[in-house]
Amino acid sequence: MRATPHLPAPDRPTGPAPTGTDRPARAPSSARRAAALGSGAALVVAGLLVGPAAHAAPTPSGGPGEVRDLGREVLADGDGWASWHGTTRPDGRVVEARGTTGGAAAEPAEVHVVQTWAQLRDALAGRPGGTQTDARTSTTPRVIYVRGTLDAFTAADGTPLTCDDFASQVTVAGTGEPFSMDDYIAHYDPEGPWGRVDPSGPLEDARVAAAAVQARATQQHVGSNVTIVGVGPGAGITGANLRIRDASNVIVRNLTLSDAYDCFPQWDPGDTAAGNWNSAYDNLSVWSSTSVWADHLTLDDGENPPSSLPTVFGRPFEVHDGLLDVTHGSDLVTVSWNHFDDHDKTSIVGSSDSRLQDRGQHRVTYHHNRWTDIGQRAPRVRFGDVHVYNNLYEQTREGHFVYWWGAGIESSIVAENNAVELVDGVDPARVVTEWKGTQLLETGTLVDGAPADLVAAFNATAPRPLAPTARWTPAEHYDPQVQATQDVAEAVRAGAGATLPSGTPVAERAPDAPRLTHDNGWGTGLHDGDYTITSTLWWGQNATVLRLYEDGVLVDAQAVDGGSPARQQATFAITGRTDGTRTYVVEALNPWDTARSAPLTVTVRDAAPGRPTVTVGPVRDGSATATTTLWWGTNGTELVVLVDGVEVDRQVLEARTPHRQRATTTLTGLTAGTHEVVARLVNAAGATDSAPVRVVVPG
């Protein structure tokens, strides 16, 4: 639990409901099918309810036991709106969409394995301690593998955090006391002196400030060209709001995203006649973003399901907003093979009826998702052309069920071949509702295994019926692989949620540590600034990426092939180092974890050129030839000749260390007297002068 304020005891049963994976698969009974067909609002039996000549059902997991490296996988062509190519305008910005590849193009240095909330934040920001602005504005392709459960209610040093930790950082103006939700509730009680007026004043200001403290700790922005995937059982994030904002080309897969808990929800007495507590956080928010693929996620309220929420001011003390919301002009999103479990306001498309700039946006595909015991918004749509196909909607209890498909303002939903399972006594007409929408095209629905027309059922009693039409056709924009409705429930139960066998075919677990060697001084005996570091894993679990650190700083990274437990070797070329001692470590990484080699020390003492000699031939008419020779040693890349300290010649040389290096210079204009000639060899590591040679020019 999140150490919520000391609120009144709940007036409903407490304790988490069983998760969807714990529920037995329920075959609809004949009695339940009959009850569905005999409901108060008449169901219209459609003619052929398996939809178009259905494609074969998609394979959700790739095959039994097949381990896949999800980090480099991309959305297939034709898989929903996120695969579409063309121009889109999220919140007025012009973006050219080219499908969804996430971080598949990431360089080896931008591949990360994270096991703490702080590590995830640093990986998204691109640097340790990076800001949310860094994360939101980044366009560097990167792949982030998540291992274990990352708890956003954790400080950077690993200390657990509670709501009280956030509240204690805010002082209520005029009192000198830290903010408390208990004080807030007591003050703004609509039955007390405050009445049914919007909260304002020092306590509301302090609540807003406390919410900002929490947001800095638990809300995380995701930038463009990113893939975040879970690896192994239990991979997930709890207590966080992941917000894909002002971004494009993002993939989030194979994670359990749980309990985006808002410590400081706002009381709004004017939200409905009874008022409402409104929370700020979704488990996953897509905000002003495009080309986003959310796939094989399990999304729920964790330890704080709706049944555990107390009632305050006669309304549920709501500490969650959506599970996966697509808002603020976001466009081209595919939501596939996810499990939405035991939540009220689950997935909305569009943030406000007044955002007319969102016309032409909010194109979203929902397919093969499992919706278990959710209340509403599965989805609710504003403005968008939204495709809802091959989803499974199931109830184990009526609970907080309100509706599932919400036709909002200027929306056009196409619902194909969805399977619906309702508990006895629930009217199927409740599945559809209207929020200023005018149309919803539905085909191929099965309710408890029997054909049904849910739009017609809704229209039978609705004051504003919906037209059974759509302004668009999915197949004109992408290639939906719609399967027969009778196959949907089994396929979705088997594959939806964080079920993929993720990892890498290269290894079964974290890599073993490699050993390092170097070749500095080999062959020539010169310990110069150019050498090779070799990383060798003689036997063990292989890596997919090797990173080389020099004195703690990343200097190189390579993607490597392999197959455990075979030998795995890679080399890193080091050039241009100056004299001194350096320590090297290689970090071996695969999606399971990382391992580090023992440190290797390399000493450079011959980086600068060897000492040349210079000879000067006879002087005739004020001219002579100077010959510079390095007989053996580290070569220079440049020769500078000085006469009496003044540069008279500069040449580029070919370095072939340790072989002899020779060059000639014609000296002219030598006046009578004694002159001193010096030859200087230069390379990236330094410069070395010859011994001076004296040249006497007769008078």
Side-chain angles (χ1 to χ4, degrees), residues 1-3 70-71 103 106 109-136 138 140 142-163 165-166 213-223 226-244 250-261 263 281 283-284 297-300 302-303 498 502-504 509-511 513 543-545 547 549 552 554 557 585 587-596:
M1 303 293 286
R2 299 295 181 195
L70 303 181
E110 294 297 340
V111 178
H112 308 268
V113 178
V114 300
Q115 300 189 61
T116 69
W117 178 240
Q119 288 172 353
L120 174 66
R121 307 191 95 186
D122 289 345
L124 287 168
R127 60 186 178 89
T131 67
Q132 292 300 295
T133 299
D134 292 333
R136 181 173 60 83
S138 173
T140 301
R142 61 195 58 172
V143 174
I144 301 173
Y145 298 101
V146 175
R147 292 279 287 130
T149 299
L150 317 185
D151 189 349
F153 277 68
T154 306
D157 63 359
T159 304
L161 299 173
T162 67
C163 294
D165 291 321
F166 304 135
V213 172
Q214 179 186 352
R216 288 192 291 272
T218 67
Q219 186 176 74
Q220 178 60 48
H221 286 134
V222 179
V226 171
T227 292
I228 306 174
V229 297
V231 178
I237 304 170
T238 185
N241 167 221
L242 285 186
R243 179 174 287 182
I244 303 168
V250 177
I251 296 173
V252 184
R253 302 180 73 196
N254 208 49
L255 289 163
T256 295
L257 303 180
S258 193
D259 195 14
Y261 191 98
C263 294
Y281 305 126
N283 291 15
L284 180 62
L297 304 174
T298 297
L299 304 109
D300 60 29
E303 297 179 355
S502 57
T504 172
R509 55 186 181 273
T544 56
V545 168
R547 291 197 180 103
Y549 292 85
L554 179 66
V585 171
E587 181 181 71
L589 176 153
N590 68 28
W592 299 107
D593 205 350
T594 60
R596 294 174 71 87

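The figures that follow rest on heavy atoms only: side chains count, while hydrogens, waters and symmetry mates do not.
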Next on the checklist: Using side chain to side chain contact (heavy atoms under 4.5 Å, CB included), reason through Leu554 and Glu587 one step at a time and then give a plain yes or no.
Outcome noted: CA-CA 10 Å; Leu554 179 66; Glu587 181 181 71; over 6 Å; no
Checklist entry - Could you go step by step and tell me if Val222 and Val252 meet the side chain to side chain contact (heavy atoms under 4.5 Å, CB included) rule? => result CA-CA 10 Å; Val222 179; Val252 184; 5.8 Å; no
Checklist entry - Taking it one step at a time, do Phe153 and Gln214 satisfy side chain to side chain contact (heavy atoms under 4.5 Å, CB included)? => result CA-CA 9 Å; Phe153 277 68; Gln214 179 186 352; 3.7 Å; yes
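For the atom pair OG1 of Thr140 and CZ of Arg142, the computed distance is 5.0 Å after rounding to the nearest 0.5 Å. Note that CG of Leu255 and CG of Leu284 are 9.5 Å apart. Values are rounded to the nearest 0.5 Å. To the nearest 0.5 Å, the span separating CG on Leu70 from CD1 on Ile228 amounts to 13.0 Å. Interatomic distance, CD of Gln219 versus CG of Leu242, reported as 9.5 Å (0.5 Å rounding).
For the pair Ala513 and Arg596, the tightest heavy-atom approach, listed with the atom from each and the gap, is CB-O, 3.4 Å. Nearest heavy-atom pair, His112 versus Ala123, reported as atom, atom and distance to 0.1 Å: CG-CB, 3.9 Å. The two residues Ala557 and Ala109 have their closest heavy-atom pair at CB-N, 3.6 Å. Between Gly71 and Tyr145, the shortest heavy-atom distance links the atoms CA-OH, 3.7 Å. Of all the heavy atoms in Asp593 and Ala510, the pair that sits closest is CB-CB, 3.4 Å. Heavy-atom minimum distance, Ala240 versus Ile237: CB-CG2, 3.6 Å.
Distance alone, capped at 3.5 Å, is enough to place a donor-acceptor pair between the Thr544 side chain and the Leu589 backbone. Under a 3.5 Å cut-off, the side chain of Ser502 and the backbone N or O of Gly232 do form a donor-acceptor pair. The backbone N or O of Val143 sits nowhere less than 3.5 Å from a side-chain atom of Thr227 that would complete a donor-acceptor pair. Judged by distance alone, the side chain of Asn254 and the main-chain N or O of Gly230 form a donor-acceptor pair under 3.5 Å. With hydrogens and angles ignored, the 3.5 Å screen pairs a side-chain donor or acceptor of Asp165 with a backbone N or O of Thr162. The backbone N or O of Arg509 lies less than 3.5 Å from a partner atom in the side chain of Asn590, making a donor-acceptor pair. Remark: side-chain polar atoms of Arg147 are paired, donor with acceptor, to backbone N or O of Trp592 under 3.5 angstrom.
Within the 4.5 Å cutoff, no side-chain heavy atoms of Pro160 are placed close to those of Asp151. Considering only heavy atoms from C-beta on, Gln132 stays 4.5 Å or farther from Arg136 through its side chain. Side-chain contact between Val114 and Ile144: present, with at least one pair of heavy atoms (C-beta onward) separated by less than 4.5 Å. Taking 4.5 Å as the limit, every side-chain heavy atom of Gln119 sits out of range of all side-chain heavy atoms of Leu150.
Each of Asp300, Thr238, Thr149, Asn283 was scored for a side chain to side chain donor-acceptor pair (under 3.5 Å) with Ser258, with one residue passing: Asp300.
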